[in-house]
Amino acid sequence: MLYGLLLILSVAGCGQDEAVSAALGDAERGKEAVARYGCIACHAIPGALNQGSNVGPPLHKIAQRAYLGGVIPNTPEQMVRWLRNPAAIDPRSAMPNLGLSEAEAKDIAAYLYTLK
Ligand code: HEC
């Protein structure tokens, strides 16, 4: 999945491999953070957590989604921005600012990109 993303990014020429790896954290820590922050209160999440609600969009195959919140291209950098402060990207978004640190958002982004 991640390799597919890297391939898409390098084909699209909108991100170098270095930028991608710098933009992502540790998926295992990200999974723990997703559980801790209660993302499943609003999102269906597959895989190990495999639960959730339908308040927000399901996060299955999120690596293959073209846009985040329907407004910004889905790149690792934009994913981190989105996770840290959705309203800064779309003031009308219903997703709240959960107060994630940059490091937590990078870990969560790495985890989200593993979802099938
Ligand atoms: C109170 C409900 C709520 C919580 C809690 C929440 N989200 Fe969201 N999230 C939303 C909504 C609603 C959207 C759709 C926003 C939009 O399109 O403007 C969204 C959008 C997203 C998107 C973009 C999805 C897409 O297809 O565009 C991602 C990724 C995401 N959330 C991840 C998370 C993660 C990770 C957490 C936990 C750290 C989280 N969300 C917590 C409600 C929530």
Side-chain angles (χ1 to χ4, degrees):
M1 181 71 62
L2 182 57
Y3 291 118
L5 178 73
L6 291 173
L7 184 65
I8 291 164
L9 288 172
S10 47
V11 167
C14 59
Q16 309 306 323
D17 286 359
E18 288 161 34
V20 170
S21 51
L24 292 173
D26 181 276
E28 205 44 47
R29 280 200 310 259
K31 188 171 101 186
E32 289 162 19
V34 162
R36 200 167 60 242
Y37 278 97
C39 312
I40 58 165
C42 296
H43 293 285
I45 296 180
L49 296 176
N50 196 26
Q51 52 186 325
S53 87
N54 268 326
V55 174
L59 300 181
H60 299 66
K61 297 186 179 173
I62 187 74
Q64 293 171 34
R65 195 147 315 153
Y67 294 95
L68 297 173
V71 287
I72 49 165
N74 181 6
T75 67
E77 289 83 1
Q78 301 290 18
M79 175 64 90
V80 169
R81 278 186 64 215
W82 173 269
L83 292 172
R84 293 204 68 196
N85 191 358
I89 289 162
D90 181 356
R92 300 185 67 199
S93 178
M95 177 160 157
N97 181 340
L98 296 162
L100 301 180
S101 71
E102 179 88 9
E104 286 172 324
K106 286 182 175 179
D107 290 343
I108 290 176
Y111 170 63
L112 294 181
Y113 284 141
T114 69
L115 298 179
K116 305 222 162 30

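Whatever order the structure lists them in is the order used to number ligands and atoms, beginning at 1. Heads up: numbering here begins at 1 and tracks the sequence.
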_Check for me, please, whether Val71 and Leu83 land in the same ILVMFWY cluster - side-chain distances under 4.5 Å, paths through other members count._
yes
* Answer yes or no: does atom CZ of Arg92 have more than 12 heavy-atom neighbours from other residues, nucleotides or ligands under 6.0 Å? => no
Closest to atom 24 (C) of ligand 1 (heavy atoms only, candidates Pro57, Gly38, Cys39) is Pro57
Checking heavy atoms under 4.0 Å, the part of Pro96 that sits near ligand 1 is side chain
Check whether any side-chain heavy atom of Tyr113 sits under 4.5 Å from a side-chain heavy atom of Asn74, and report yes or no. yes
For Ala94, the atoms of ligand 1 under 4.0 Å from one of its heavy atoms are 12 (C)
*For Gly69 and ligand 1, does the shortest N/O to N/O distance drop below 3.5 Å?*
yes
Tyr67 heavy atoms within 4.0 Å reach ligand 1 at atoms 27 (O)
Min side-chain heavy-atom separation Leu115-His60 under 4.5 Å
no
Restricting to heavy atoms, the pick from Asn97, Leu83, Ile72, Val55 nearest atom 32 (C) of ligand 1 would be Leu83
Nearest non-hydrogen protein atom to atom 41 (C) of ligand 1, with distance, is Leu98 CD1, 3.5 Å
Sidechain-backbone polar pair: Gln78 side chain, Thr75 backbone, donor-acceptor under 3.5 Å: no
- Return a yes/no value for Arg65: is any of its N or O atoms, backbone included, closer than 3.5 angstrom to an N or O of ligand 1? yes
*Check: Ala41 main-chain N/O paired with Ser53 side-chain donor or acceptor under 3.5 Å*: yes
Measuring only between side-chain heavy atoms, which start at C-beta, is Ile89 closer than 4.5 Å to Asn85? no
Filtering Pro91, Cys42, Ser93 for the heavy atom nearest atom 15 (C) of ligand 1 leaves Ser93
Quick note on ligand 1: atoms under 4.0 Å from a heavy atom of Leu68 include exactly 27 (O)
Measuring from non-hydrogen atoms of Arg92 to any atom of ligand 1, is the shortest distance under 4.0 Å? no
Problem set entry | Whether His43 has an N, O or S atom under 2.8 Å from atom 8 (Fe) of ligand 1 | yes
Margin query: Taking CG in Asn50 as the centre, count heavy atoms belonging to other residues, nucleotides or ligands within less than 6.0 Å. Is the count above 12?
Written below: yes
- Query: Tell me, do Met79 and Ile62 make a side-chain contact under 4.5 Å, heavy atoms counted?
  - Reply: yes
Closest to atom 10 (C) of ligand 1 (heavy atoms only, candidates Met79, Met95, Arg84) is Met95
In this structure, atom 23 (C) of ligand 1 is nearest to the protein heavy atom Trp82 NE1, 3.7 Å
Numbered in order shown, the ligand 1 atoms found under 4.0 Å of a heavy atom of Ile108 are 35 (C)
### Query
Does His43 use its side chain to pair, donor to acceptor, with the backbone of Pro57 at less than 3.5 Å?
yes
With the threshold set at under 4.0 angstrom, would you say Ala41 reaches ligand 1 through any of its heavy atoms?
no
